[in-house]
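Structure first, commentary second.
Convention: sequence-line order gives letters A, B, ...; per-chain numbering from 1.
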Amino acid sequence: MGQSSFTLRVLCVVRSIPVGRVSTYGDVAKLAGRPRAARAIGNIMRNCSDQSVPCHRVIAAGGQLGGFRNGRWIKHSLLLAEGLSVRRGRLHNFPSIRWDGKNSHNTTEPV
DNA sequence: TGGTTGACGGTGG
DNA sequence: TCCACCGCCAACC
């Protein structure tokens, strides 16, 4: 504990991501109040060992999974378990399942 | 206190 | 479509 306010806010935002939805590092950073702190989000996620934080729902921009170092396939499996389609390391319907912070009760949105 | 690293974003070639 | 450069922010040494 004893994380910075920004870190706590980031964790809170990530925990707010609905099941079946994903968000990018940039989006989480923006929701946390630092639109330019996308890199910092990666560090926080990496350092985050909290099971209540679905870090696998946080991916890179363009629908890429990111995390080439580790957890890449972990995210892949977890995302597949949530009914998402991953194609060549990227979400097939990324724009459709992208979560912009708004409480969209309609999960399966047919675009 | 200062410099480097890293699960990134966006633009250009 | 893929690769390279620059910018931005927090954690670590």
Within this structure, what is the [atom1]-[atom2] distance for the pair [X] and [Y], rounded to the nearest 0.5 Å?
| X | Y | atom1 | atom2 | value |
| --- | --- | --- | --- | --- |
| A:Lys30 | A:Ser23 | NZ | OG | 10.0 Å |
| A:Ser85 | A:Asn93 | OG | CG | 5.0 Å |
| A:Asp27 | A:Tyr25 | CG | OH | 12.0 Å |
| A:Ile44 | A:Arg39 | CD1 | CZ | 14.0 Å |
| A:Ile41 | A:Cys55 | CD1 | SG | 12.5 Å |

Can you list, in residue-number order, the parts of residues 50-57 of chain A that come under 4.0 Å of DNA chain C, counting heavy atoms only?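 Contacts with DNA chain C under 4.0 Å: none.
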What does the B/S/- profile of nucleotides 8-13 of chain C look like, 5' to 3', with a 4.0 Å heavy-atom cutoff to protein? BBBSS-
Would you list the atom pairs, donor with acceptor, under 3.5 Å between side chains in residues 56-67 of chain A and any protein atom, with sequence neighbours excluded?
unit_1: A:His56; atom_1: NE2; unit_2: A:Glu82; atom_2: OE2; d: 3.0
unit_1: A:Arg57; atom_1: NE; unit_2: A:Glu82; atom_2: OE1; d: 3.4
unit_1: A:Arg57; atom_1: NE; unit_2: A:Glu82; atom_2: OE2; d: 2.9
unit_1: A:Arg57; atom_1: NH1; unit_2: A:Ile17; atom_2: O; d: 2.8
unit_1: A:Arg57; atom_1: NH2; unit_2: A:Glu82; atom_2: OE2; d: 3.1

Phosphate OP1/OP2 of C:dC2: any A:Arg88 side-chain N/O under 4.0 Å: yes
Main chain of A:Thr24, side chain of A:Arg98: is a donor-acceptor contact present, judged purely on distance under 3.5 Å?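 No, the answer is negative, given that no donor and acceptor are paired below the 3.5 Å cut-off.
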Give a yes or no answer on whether the side chain of A:Thr7 reaches the backbone of A:Gln3 with a donor-acceptor pair at less than 3.5 Å.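 No; zero donor-acceptor contacts below 3.5 Å.
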To the nearest angstrom, how far is A:Leu11 atom CG from B:dA7 atom P?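 My rounded result for the distance is 17 Å.
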Euclidean distance, atom CD of residue A:Gln64 to atom P of B:dG9 [Å, nearest integer]: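 The distance from CD of A:Gln64 to P of B:dG9 comes to 9 Å, rounded to the nearest Å.
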Does A:Arg90 reach a base, just sugar-phosphate, or nothing at all? Heavy atoms under 4.0 Å.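 If one applies the 4.0 Å heavy-atom cut-off, A:Arg90 turns out to touch the sugar-phosphate alone, with no base involved.
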